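Note: hydrogens, waters and symmetry copies are ignored here, and every other heavy atom, side chains too, is used. The shown structure was predicted, so the numbers you read here are calculated from the model rather than taken from an experiment.
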Amino acid sequence: MEALLCRKLGDPTVCLEDNDSPIVLSKNHPVPQLDSPTAVRVRIKATSLNFANYLQILGTYQEKPSLPFIPGSDFSGYVDAVGPKVSNFRVGDSVCSFAGLGSFAQFIVVDESQLFRVPQGCDLVAAGALAVAFGTSHVALVHRAQLTSGQVLLVLGAAGGVGLAAVQIGKVCGAIVIAVARGAEKVQLLKSLCVDHVVDLGNENVTESVKKFLQTRRLKGVDVLYDPVGGKVTKESLRLLKWGANILIIGFASGEVPVIPVNIALVKNWTVHGLYWGSYKIHRPGVLEDSVKELLSWLARGLISIHISHSYPLSEVNLAFSAIKDRKVIGKVMVVFDEKHSRSKL
């Protein structure tokens with residue numbers, strides 16, 4: 001089978017044929033075999049690229065697997081083979097899931113308990129982008145911050161994968177959603193999602209723009225801050241939080257880890273949540289299972305949608321990583337198997 005191997009740590013945007021590339025496309029990698037009676041082998045249709053995958057190949061992610069490894073996390077596809085004790089799936093079923101590693105390949109083996117059936121009518125490629133981005137935002141907003149109708153949600157990096165997910169989940173929860181992004185195209189997409197207020201960092205100041213909106217709507221401040229960005233914009237956003245606000249620390253796409261003044265957090269009774277979604281698989285797997293099931297039901301009902309801006313074959317995965325590195329992605333970038341692809345936006 002085809003599989004992407006990370007043989008050394010480095011920049012995955014380098015051309016695969018270059019000797020400096022840390023990743024190599026193997027076209028004769030062994031197909032994984034069923035390793036337990038409840039194992040299921042999936043022929044992968046699509047797998048999502050997440051910022052964490054990029055960091056992992058660079059060697060800067062918190063989890064550092066032994067070399068060589070096949071990167072990848074969330075995926076979708078068709079059941080290819082099942083173990084003798086598998087009872088919930090049959091060959092040919094459309095499924096999706098997530099794994100710690102291994103989805104940048106044509107086949108992957110997982111236990112049936114980790115698979116989710118993709119509802120009829122849902123786009124299978126889109127389902128391959130659901131688990132990590134939407135799962136992160138769902139667990140953060142619904143499980144941790146317990147976002148409720150009428151609360152004010154401020155989403156930084158709102159046009160990225162987790163950001164777009166947070167915006168949509170916020171609207172499903174009935175929140176007043178303020179989105180922060182950069183560039184006219186991203187702003188236009190966010191407005192199409194019925195976001196209550198959009199701040200364009202290219203020509204607006206976050207604090208001034210949001211304060212003006214809050215005053216117009218006679219709102220006291222932000223109840224929940226969703227932050228996958230870090231850096232300067234986090235510091236500015238803290239000035240907008242009301243008493244008792246929740247701060248969700250999702251990541252540091254800016255490359256700068258912000259400092260949250262705990263003396264102010266004390267006085268204003270803020271709650272700071274660090275959210276490492278992947279660790280829930282070890283410590284609270286039931287939360288992840290319930291989260292993905294609810295998200296799939298929302299996807300089937302049209303309450304959420306997955307915006308895929310770029311799609312590539314596995315042989316051009318370095319271009320997919322470049323799109324993430326250069327912040328060209330609006331929503332998700334995918335690797336899709338067995339189809340003709342364009343390097344341009346879908």
Side-chain angles (χ1 to χ4, degrees), residues 62 133-160 162-182 190 193-201 204-277 279-280 283-284 287 291:
Q62 53 259 38
F134 277 81
T136 296
S137 296
H138 185 272
V139 171
L141 294 172
V142 176
H143 177 68
R144 296 292 292 276
Q146 299 182 5
L147 184 68
T148 58
S149 179
Q151 286 190 317
V152 179
L153 167 65
L154 175 60
V155 180
L156 307 183
V162 293
L164 274 181
V167 164
Q168 294 185 66
I169 291 169
K171 295 302 293 183
V172 173
C173 293
I176 299 167
V177 179
I178 303 171
V180 180
R182 186 185 299 272
L190 289 164
L193 296 174
C194 299
V195 170
D196 297 274
H197 182 65
V198 183
V199 181
D200 185 351
L201 286 177
E204 292 182 282
N205 176 273
V206 173
T207 306
E208 293 177 1
S209 180
V210 174
K211 278 187 175 180
K212 184 176 180 180
F213 168 76
L214 294 173
Q215 290 170 358
T216 302
R217 296 284 293 267
R218 296 183 179 180
L219 298 167
K220 294 182 178 180
V222 171
D223 295 285
V224 178
L225 171 62
Y226 183 94
D227 183 12
V229 178
K232 180 181 177 181
V233 69
T234 300
K235 183 178 180 180
E236 294 177 357
S237 299
L238 295 177
R239 302 170 185 169
L240 301 165
L241 303 185
K242 65 190 298 186
W243 187 95
N246 285 276
I247 301 171
L248 295 163
I249 305 300
I250 308 300
F252 316 106
S254 69
E256 182 182 343
V257 178
V259 175
I260 298 176
V262 293
N263 58 323
I264 298 178
L266 183 152
V267 173
K268 292 195 173 183
N269 280 267
W270 291 343
T271 301
V272 182
H273 304 268
L275 187 90
Y276 174 32
W277 181 83
S279 65
Y280 270 78
H283 300 287
R284 300 288 298 277
V287 172
S291 173

Would you list the pairs meeting ring pair (Phe, Tyr, Trp, His ring centres under 6.0 Å) in which at least one residue belongs to residues 230-255, sequence neighbours left out? none
Can you name the residues that form a side-chain contact (heavy atoms from CB on, under 4.5 Å) with Val206, not counting sequence neighbours? Val180, Val199, Leu201, Val210, Val233, Glu236, Ser237, Leu240
Output all residues satisfying side-chain hydrogen bond (donor to acceptor under 3.5 Å, both in side chains) with Ser209, sequence neighbours left out; order by chain, then residue number. His197, Glu204
Tell me which pairs pass side-chain hydrogen bond (donor to acceptor under 3.5 Å, both in side chains) where either residue lies in residues 244-254, with sequence neighbours left out. Asn246-His273
For Ser291 against Val139, the heavy-atom pair lying closest together: OG-CG2, 3.9 Å
On a heavy-atom basis, the closest approach of Gly244 and Trp270 is N-CD1, 4.3 Å
Can you sort out the partners of Val272 under side-chain contact (heavy atoms from CB on, under 4.5 Å), two or more places apart, ordered by chain and number? Ile247, Ile249, Ile260
Check side-chain contact (heavy atoms from CB on, under 4.5 Å) between Arg217 and all other residues, then give those that pass, not counting sequence neighbours. Ile176, Asp196, Phe213, Leu219
Non-hydrogen atoms of Leu190 and Ala158 that approach each other most closely: CD2-O, 3.5 Å
Reported CG-to-OG1 distance for the pair Asp227 and Thr234, which is rounded to 0.5 angstrom: 3.5 Å
Could you give the distance from NZ (Lys268) to CG (Asn263), rounded to the nearest 0.5 Å? 11.0 Å
Find out whether Tyr226 and Thr136 are in side-chain contact, i.e. whether some heavy atom of one side chain is under 4.5 Å from a heavy atom of the other. yes
First locate atom NE2 of His138, then atom SG of Cys173, and finally report the distance between them rounded to the nearest 0.5 Å. 7.0 Å
Closest heavy-atom pair, Ala175 versus Leu153, reported as atoms and distance to 0.1 Å, is CB-CB, 4.3 Å
Which heavy atom of Ser137 sits nearest to which heavy atom of Ala165, and what is that distance? OG-CB, 3.6 Å
For the residue pair Leu238 and Leu241, establish whether any side-chain heavy-atom pair is separated by less than 4.5 Å. yes
Let me know which of Val177, Val142, Val224 forms a side chain to side chain contact (heavy atoms under 4.5 Å, CB included) with Leu147. Val224
Just so I know, are the side chains of Ile250 and Trp277 near enough to count as touching, which here means a heavy-atom distance under 4.5 Å? no
Heavy-atom side-chain proximity of Leu275 to Leu248 below 4.5 angstrom: no
Once salt bridge (Lys or Arg N to Asp or Glu O under 4.0 Å) is applied, what residue pairs with a partner in residues 241-256 remain, sequence neighbours excluded? Asp223-Lys242
Results of side-chain contact (heavy atoms from CB on, under 4.5 Å) for Lys235 - residues two or more places apart only: none
Closest contact, heavy atoms only, Lys171 versus Leu193: CG-O, 4.3 Å
